Amino acid sequence: MVQLRSPRALQEWVEELDRMSRRAEWAFREPLADVEATASALKIQDDKALIQLDLPGVEPSELDVSLEGDLLQIKATRADLHEEKDEILLRERSYGEFAKAFRLPWPVNEQGVNARFVNGVLRIELQRAPEAGPRHIQVQSN
Amino acid sequence: MSTVIEKETSEKTASQDLKTNETPVEVSRIRPVTDIYRNEDQVRIVLDLPGASEDQVEVSVHDGELSIKAEVPREHGELRRYERSFRVDRRMDTAQMKAVLQRGVLSLSLPFHEEAKPRRIEVLAG
């Protein structure tokens with residue numbers, strides 16, 4: 001069956017959807033969430049640290065983790081899912097580049113890092129680099 | 001309201017978890033951040049559910065209310081409970097809804113019923 005729609009009918013349809021969006025907005029004000037949705041956790045101990053970062057929707061190829069001494073840097077890019085033909089009814093998620101840096105209380109070497117990215121969560125375990133202890137210097141004499 | 005009843009049910013599950021687990025469980029309730037897009041064919045609802053795997057996500061439709069829930073155990077005995085509901089227009093075909101979870105992002109595609117889609121009528125010469 002073929003249906004003919006007048007512009008007016010189409011407008012009603014859009015309004016109907018707007019009403020849905022207003023309902024969604026009203027829903028934000030409900031005190032349901034008690035923590036921020038985008039969260040990072042940092043737990044530092046004497047000789048190890050754990051960093052957990054929510055990066056949902058980030059492709060592994062768009063994720064860059066680097067470590068230099070005691071400075072850990074995380075960079076990521078999240079693609080925009082909005083297509084040109086789409087009308088936006090609600091937009092809360094963020095897009096584009098993201099960067100975060102952590103300065104650790106002690107240096108870490110390459111062997112002391114373990115990073116995993118599972119289900120949109122980045123988890124980095126860091127082990128304190130063994131410190132160069134006091135060295136005895138052989139004093140030469142004639 | 002059915003939503004309220006559902007919420008109470010999930011609270012009970014949490015208290016059971018607390019009793020059975022030796023380690024204390026800290027339950028965080030999170031309303032996932034969401035995008036909603038619409039085009040001629042469908043409405044797309046995109047929600048961030050970081051850490052969630054397929055078996056932890058529950059999507060249901062009841063009386064025109066779309067409900068998304070996920071329970072995700074996190075570090076240090078934390079249990080994240082993602083929860084969000086939407087009122088769905090009758091013109092959307094919820095039976096044809098598709099849900100895809102990828103890298104902690106849930107995408108729901110809700111097509112419009114065929115009758116609800118705008119159509120171009122071809123005019124034939126008589």
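For the numbers below, each heavy atom of this structure counts, side chains included, while hydrogens, waters and symmetry mates do not. Lettering of chains follows the sequences in order, A, B, ..., and the numbering in each one begins at 1. Worth saying up front: this structure is predicted, and the values here are computed from it rather than measured.
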How many angstroms lie between [atom1] in [X] and [atom2] in [Y], if you round to the nearest 0.5 Å?
X: B/R44; Y: A/D86; atom1: CZ; atom2: CG; value: 4.5 Å
X: A/K85; Y: B/D41; atom1: NZ; atom2: CG; value: 6.0 Å
X: A/N119; Y: B/L101; atom1: CG; atom2: CG; value: 6.5 Å
X: B/D35; Y: A/S94; atom1: CG; atom2: OG; value: 9.0 Å
X: A/L90; Y: B/F86; atom1: CG; atom2: CZ; value: 6.5 Å

Joint hydrophobic cluster, [X] plus [Y], side-chain heavy atoms closer than 4.5 Å:
X: A/F117; Y: A/L67; value: yes
X: A/F98; Y: A/V65; value: yes
X: A/I88; Y: B/V33; value: no
X: B/L66; Y: B/L106; value: yes
X: A/L81; Y: B/V43; value: no

Smallest separation among heavy atoms of B/L47 and A/R93, with atom names: C-NE, 4.5 Å
Looking at A/D80 and B/Y37, what are the two nearest heavy atoms and their distance? OD1-OH, 4.0 Å
Quick check on A/E83: does its CD atom have over 12 non-hydrogen neighbours (other residues, nucleotides or ligands) under 6.0 Å away? yes
Greater than 12 external heavy atoms within 6.0 Å of A/D46's CG: no
Is there a side-chain contact between A/R91 and B/I36 in this structure, where contact means two heavy atoms from C-beta onward sitting under 4.5 Å apart? no
For the pair A/E92 (side chain) and B/T34 (backbone), establish whether a donor and an acceptor sit closer than 3.5 Å, ignoring hydrogens and angles. yes
Check whether A/D54 reaches the backbone of B/P50 with its side chain - one donor and one acceptor, N or O, closer than 3.5 Å. no
With a 4.0 Å cut-off on N to O distance, would you call B/R103 and A/E59 a salt bridge? yes
